[in-house]
Amino acid sequence: MQHIISILIENEAGALSRVSGLFSARGYNIESLTVAPTEDTTLSRMTLVTRGDENVIEQITKQLNKLIDVVKLVDLSEGPHIERELMMIKVRAEGTMREELKRLADIFRGNIIDATGNSYTIEMTGDGAKLDAFIQVVDDELIIETVRSGPLGIARGGKRLTLHV
Amino acid sequence: MELSGAEIVVQALKDEGVEYVWGYPGGAVLHIYDALFQQNEVRHILVRHEQAAAHAADGYARATGKPGVVLVTSGPGATNAVTGIATAFMDSIPLVVLTGQVPTPVIGSDAFQEVDTVGITRPCVKHNFLVKRVDDLAETIRKAFYIAASGRPGPVVVDIPKDVTDPNIRISYEYPQEIGMRSYNPVERGHPGQIRKAVDLMMSAKRPVIYTGGGVVLADASEELCQLVKKTGFPITQTLMGLGAFPATDPQFLGMLGMHGTYEANMAMHETDVLIAIGARFDDRVTGKVAHFCPHAKIIHIDVDPASISKTVRVDVPIVGQVRSVLADMLHLIDELECEPGRDALAQWWERIEAWRAVECLSYDASDKVIKPQFAVEALYKVTRDDEFYLTSDVGQHQMFAAQFYPFDQPRRWINSGGLGTMGFGLPAAMGVKQACPEAEVACITGEASIQMCIQELATCKQYDLPIKILLLNNGYMGMVRQWQEFFYDGRYSHSYVDALPDFCKLAESYDHVGMRIDDPADLEAAYREAFGMKDRLVFMDIVIDPEENVYPMIEAGKGHHEMHMSPHLSSERELA
Ligand SMILES: Cc1cc2nc3c(=O)[nH]c(=O)nc-3n(C[C@H](O)[C@H](O)[C@H](O)COP(=O)(O)OP(=O)(O)OC[C@H]3O[C@@H](n4cnc5c(N)ncnc54)[C@H](O)[C@@H]3O)c2cc1C
Ligand SMILES: Cc1ncc(C[n+]2csc(CCOP(=O)(O)OP(=O)(O)O)c2C)c(N)n1
Ligand SMILES: [Mg+2]
């Protein structure tokens with residue numbers, strides 16, 4: 001099953017390589033990994049998407065917790081949570097397709113953030129499945145380039161991942 | 001106090017109470033070497049290869065429980081130390097390894113003797129640091145010692161660029177007393193509820209086994225362990241790393257378990273209904289095929305590292321905590337509850353175990369013509385049993401024979417590389433042990449292949465007058481490899497014959513040590529006595545043994561505990577129970 005793990009980690013050089021090195025050394029699967037500093041500049045927050053059975057996920061969270069730089073982590077998949085991913089997709093937009101693509105983007109609540117005479121760049125957020133669906137409806141031939149951030153996740157409700165319990 | 005970075009390194013070591021540093025100089029650490037030169041408190045031991053520096057510091061740490069300290073230069077100095085660092089990592093041994101690095105402005109430019117030490121060592125350290133500012137130096141070293149020795153111990157590398165130790169830049173120095181790390185809080189006490197569950201389960205057991213490992217040694221918890229074993233009357237088996245934590249001469253000890261464990265220990269594992277695992281990590285050399293492991297047992301596991309629990313084998317009652325405090329709490333609870341295990345069931349269980357024991361799985365073909373390796377170890381025990389005696393080992397058959405035939409009665413006396421199985425470990429480790437315990441007898445058991453991996457250290461032993469005794473069980477083969485080739489490759493001995501051996505006696509003598517060659521079993525004991533009688537000399541005993549002896553019992557990789565190969569020596573009429 002797919003799991004989405006949020007990690008607070010010391011914002012130090014090499015912290016990212018400790019996490020990615022752990023995954024390659026132990027043969028765990030990593031589907032996506034995003035990192036950025038938090039409002040507390042000494043901490044980074046990572047969102048990591050991985051896949052595995054219960055035992056594997058248990059080992060992954062234990063091994064991550066064991067990294068000295070990891071301050072806290074939570075497996076968001078254990079509770080209700082929200083996932084969002086950002087995609088920018090550059091498509092060929094010529095002739096009648098210009099209107100068609102604009103309509104499609106609207107349906108998916110995407111925004112056209114750049115345009116030339118024959119192309120659009122559409123920005124879209126949503127869970128992975130929604131972005132996949134958009135790619136599906138656009139003709140393969142029209143897609144010039146896509147770039148996706150990988151999911152970010154946050155727990156629903158008042159719960160939060162912070163230093164303080 | 002105003003100090004330069006180099007002086008801070010040395011002062012921090014003093015503030016940690018460090019007696020010895022094993023190291024080797026080079027460009028990137030010259031400032032530090034200069035600071036070392038100007039003081040006498042911290043003694044530097046110059047090894048002949050950086051791998052040996054790490055092994056020697058490791059031997060010191062295993063014998064004392066204190067972190068061993070290593071100092072090497074950048075580039076090749078650091079890479080040479082990696083095998084020693086990985087060896088310590090696999091066995092959870094506390095080391096602080098200071099590595100020189102090229103100056104910060106040129107890091108990343110493929111400068112002379114630059115390697116990414118933090119990157120190379122990352123997978124085989126508990127943690128590592130690159131110190132980029134002299135202001136961070138003292139605190140980082142403090143953290144390194146704290147991390148190395150606390151929780152589940154392990155090696156910590158501190159990579160120090162040369163400009164950070166610049167003698168011309170001086171800053172005020174204060175060594176931090178307390179160190180708090182929000183991201184690192186090792187657990188001490190076990191959860192009372194879990195301990196209660198464990199005690200209940202233990203008291204309901206009909207066929208209990210206590211299985212302990214290196215964690216008991218690392219935790220200095222022998223006393224608590226012995227109390228538990230005595231109080232419960234349960235049988236106990238230990239891993240290769242756990243030997244000595246419970247006295248091997250005690251009748252409740254079943255011997256080592258696992259691949260080369262005893263028949264009684266492995267059969268007891270196979271039939272146990274409650275397994276109490278203490279500071280052991282269910283290594284594949286212990287479990288054999290996991291699907292066949294303890295098929296009837298509920299498992300209790302005490303370990304300070306949550307990641308060790310349910311890693312390879314699912315356990316029923318996990319207890320995260322320091323062995324010592326958990327066992328103390330457990331003993332306390334047993335007293336409080338005034339509970340006892342079922343004595344009748346236990347008596348029946350012991351009867352079954354005694355039947356397995358009667359097989360005498362370790363018996364071997366004695367000989368008066370050729371020295372059997374088993375005999376060589378038994379004779380060693382005879383000669384050293386009353387001494388404060390430490391035995392280090394290299395890797396191979398000799399290591400297994402030592403583990404099987406030398407009954408260690410105290411912890412920290414048996415010092416070997418189990419997890420990584422590093423040939424070359426024995427001699428430098430013995431140097432570290434001898435330095436830690438100058439009054440004790442220290443011997444290294446080795447093979448003619450292993451000893452050649454760090455044999456240059458005979459020079460270090462000469463320089464620092466380290467009168468250790470080397471017992472080379474010379475079978476002319478990489479015996480352990482040959483055994484596998486005999487069993488699993490139809491006797492095709494591909495590259496496992498150790499050809500072109502030196503004359504080890506002459507070699508030892510060329511370093512001013514004493515060499516002895518022994519090939520008659522009748523001479524062995526007297527030779528040992530003579531060698532151990534030479535208190536202030538290193539004696540190198542080249543003991544010619546039966547070239548094709550095998551280690552039994554043996555569980556093939558991928559087999560269960562009940563599927564042991566027994567020695568062909570055991571006559572067929574002695575039916576296995
Ligand atoms: C040639 C060869 C043959 C071998 N054959 C065998 C064999 O037949 N049988 C055998 O047993 N081994 C054998 N080994 C060794 C084997 O590879 C492993 O190294 C060994 O089994 C691991 O021992 P352990 O489980 O005690 O773990 P260790 O590596 O000693 O780990 C200690 C465990 O205790 C925990 N711990 C540490 N400190 C504490 C503390 N203070 N409190 C609580 N927990 C703590 C750690 O987290 C860890 O889980 C062999 C090795 C070689 C080289
Ligand atoms: C550095 C290293 N290389 C290779 C091995 C694989 N290996 C394990 S035992 C062994 C043979 C050891 O031979 P020797 O030292 O003569 O001991 P014996 O088994 O004959 O007692 C080898 C090559 C190892 N453990 N370590
Ligand atoms: Mg040999």
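Below, chains carry the letters A, B, ... as their sequence lines are ordered, and counting in each starts from 1.
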Between these two chains, chain B and chain A, I want each donor-acceptor atom pair under 3.5 angstrom written on its own line with its distance.
from, atom 1, to, atom 2, distance (Å)
B:Arg122, NE, A:Ser17, OG, 3.4
B:Arg122, NH1, A:Ser17, O, 3.4
B:Asn128, O, A:Arg18, NH2, 2.9
B:Asn128, OD1, A:Arg18, NH1, 2.9
B:Asn128, OD1, A:Arg18, NH2, 3.0
B:Arg182, NE, A:Glu10, OE2, 2.8
B:Arg182, NH2, A:Glu10, OE1, 2.8
B:Arg182, NH2, A:Thr42, OG1, 2.9
B:Ser183, OG, A:Ile68, O, 2.6
B:Asp305, OD2, A:Lys66, NZ, 2.7
B:Pro306, O, A:Lys62, NZ, 3.0
B:Ala307, O, A:Gln59, NE2, 2.9
B:Ile309, O, A:Lys62, NZ, 2.6
B:Arg314, NH1, A:Asn55, OD1, 2.6
B:Arg314, NH1, A:Glu58, OE1, 3.2
B:Arg314, NH2, A:Glu58, OE1, 3.1

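- Heavy atoms from other residues, nucleotides or ligands lying under 6.0 Å from CE of A:Met88 number 12 at most.
- Heavy-atom neighbours of A:Ile154 CD1 from other residues, nucleotides or ligands within 6.0 Å: at or below the threshold of 12.
- Neither the backbone nor the side chain of B:Leu130 comes within contact range of chain A, judged by heavy atoms closer than 4.5 Å.
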